[in-house]
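Convention: sequence-line order gives letters A, B, ...; per-chain numbering from 1.
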Number of protein chains: 2
Amino acid sequence: MKSEKYHIILDAAIKVFAEHGYFQSTVAQIARKAGVADGTIYLYFENKEDILLQFFSYKTRQIFDQFQKEVDKVDSAEDKLRNLVRSHLKEFQGNMDMAIVFQAETRQIQQAEAIKTHIRDISRKYRELVGEIVEEGQREGCMRKDLYIGLVKTYITGAVEEVINSWVQAGGKYDLVSMADPLVDLYLKGIGIQTV
Amino acid sequence: MKSEKYHIILDAAIKVFAEHGYFQSTVAQIARKAGVADGTIYLYFENKEDILLQFFSYKTRQIFDQFQKEVDKVDSAEDKLRNLVRSHLKEFQGNMDMAIVFQAETRQIQQAEAIKTHIRDISRKYRELVGEIVEEGQREGCMRKDLYIGLVKTYITGAVEEVINSWVQAGGKYDLVSMADPLVDLYLKGIGIQTV
DNA sequence: ACCTGGAATGAATGAGTATTCATACCTAAC
DNA sequence: GTTAGGTATGAATACTCATTCATTCCAGGT
């Protein structure tokens, strides 16, 4: 089990990163927010970069397990998709600082190699999860067979992330979770009028 | 008309920003790539931040006008949506460095005020354009009336951007424009089987 | 040939900041 | 009361880089 101070520093760092962005945040600011001396940070983390790395490797794993758990709770593909989207929005609504750091640092193509690896890994797992749900939906007969799965993964991921991004840009002022059902409705039915 | 060197420096800067990210890029690197001395940069730009600002205010306006032009070329809402998505993918495919800078810097909530204003402005205009197309589609009778327009804007924007992001992450190795029609197909019909 | 003014240079400046480490502070055991 | 080991401190170090500006370059006019 990690020491208490490890978590205090990590939480403080996420707040500072969320406020100023990783590259503009200073170790001194993190130390101050955590209520420790600058040097203390280095007893728990290799360096500044390691703090961001720990965030990605620790928090994302935790969150992804939560997604998986929610998906496994139900049987139909539609319910799985619904639970995935709802838990995604719920987790991010519950931790806006984390959401901001995710939004910003995930799109930086030029992160340190170790961090890039984690980001790619979590993104791949998320896309795989979506892929499995859609394939299950096809077997169940509730989802179209003529889909380019690779594009569907992108389409679903992109829309949820932008819903979160809009919420962040608006300062987190409205309820994010209530977007889940309308969004899944769009995923399934689209915006066009069906002429079957 | 802006001097030739202005454009040389701006183009070099976008390349450097794309490669290293704004905050990790140095003025010396930009000067080197542009083939000028460090001090020369300051004859054409206020400071480092101004370079990014000029990029957003100059390039984005140019690109957005292109989107608008493509949309106005056709009459039906469906074709407008199709042209918007296609020209969006086309412009970004044609300038990958720009695409990377967009992906990365647009999500940074902690940019300088002037830059944030430009980002918000372009994002608002894009969303408005999508909104108008959808409302026209509703009047035409080819799009559902029971849509929460705000969410639809987010949904459409997010999916295109993630399609671009995936392409960037993959190193721009495949044809982006060919994603346009399948994507619009998803927008209109969704992934579910219609039980009208 | 000689000016002249705008353009360009790049070394010097100075501010900022990640990281280190000699020192101080505990706490608990004896 | 003393000591030992782990923990914490924060001033000092050793950079990196944006920005400045005294100097140089150069083209076109006289």
(request) Give the rounded distance in Å between these two atoms: CG of Asp50(B) and P of dT19(D). (result) 10 Å
(request) Name the closest nucleotide to the Thr40(B) side chain, picking from dT9(D), dT9(C), dA18(C). (result) dT9(C)
(request) Determine yes or no for a side-chain-to-main-chain donor-acceptor pair under 3.5 angstrom, with Trp167(B) supplying the side chain and Gln93(B) the backbone. (result) no
(message) Tell me the interatomic distance from Ile41(A), atom CD1, to dT20(C), atom P, rounded to whole angstroms.
(response) 13 Å
(message) I'd like to know if the side chain of Arg127(A) reaches the main chain of Ser123(A), judged simply by a donor and an acceptor atom lying under 3.5 Å from each other, with no hydrogens or angles considered.
(response) no
(message) Please report the distance, rounded to the nearest Å, between CG in Leu52(B) and C1' in dA18(D).
(response) 15 Å
(message) For Gly39(B) and Glu46(A), find the nucleotide of DNA chain C closest to each by heavy atoms; which residue's nucleotide sits nearer the 5' end?
(response) Gly39(B)
(message) I want to verify a distance call: between dT9(C), dT19(D), dT19(C), whose nearest atom is closest to the Tyr42(B) side chain?
(response) dT19(D)
(message) Nearest whole Å is fine: how far is dA8(D) C1' from Phe45(A) CZ?
(response) 15 Å
(request) Could you tell me the separation between the CG atom of Leu43(A) and the P atom of dC25(C), rounded to a whole number of Å? (result) 17 Å
(message) For the backbone of Ile51(B) and the side chain of Gln54(B), can you confirm whether one donor and one acceptor N or O come within less than 3.5 Å of each other?
(response) no
(request) Take atom CG of Asn47(B) and atom P of dT19(D), then tell me their distance rounded to the nearest Å. (result) 5 Å
(request) Would you mind reading off the distance between Asp38(A) atom CG and dA22(C) atom C1', rounded to a whole angstrom? (result) 16 Å
(request) State plainly whether one hydrophobic cluster holds both Leu129(B) and Tyr148(B), where clusters connect Ile, Leu, Val, Met, Phe, Trp and Tyr through side-chain heavy atoms under 4.5 angstrom apart. (result) yes
(request) Look at the side chain of Val36(B) and decide which nucleotide, out of dT9(C), dG10(C), dG10(D), has an atom nearest to it. (result) dT9(C)
(request) Mind listing the residues from residues 16-33 of chain B sitting with a heavy atom below 4.0 Å of DNA chain D? Number order is fine. (result) Ser25(B), Thr26(B), Val27(B)
(message) For a quick check under 3.5 Å, do Gln66(B) and Gln62(B) share a side-chain donor-acceptor pair by atom type?
(response) no
(message) Could you tell me how far apart Ile9(A) (CD1) and dT7(D) (C1') are, to the nearest whole angstrom?
(response) 12 Å
(request) Indicate whether OP1 or OP2 belonging to dA8(C) is found under 4.0 Å from a side-chain N or O atom of Tyr44(B). (result) yes
(message) Using a 6.0 Å distance limit plus a 45 degree cone around the ring axis, check whether Lys48(A) lies over the aromatic ring of Tyr22(A).
(response) yes
(request) Look at the side-chain N and O atoms of Lys5(A) and state whether any lies under 4.0 Å from the OP1 or OP2 oxygen of dA8(D). (result) yes
(message) Quick one about Tyr155(B) and Tyr155(A) (side-chain donor to acceptor, distance below 3.5 Å, no hydrogens or angles considered), yes or no?
(response) yes
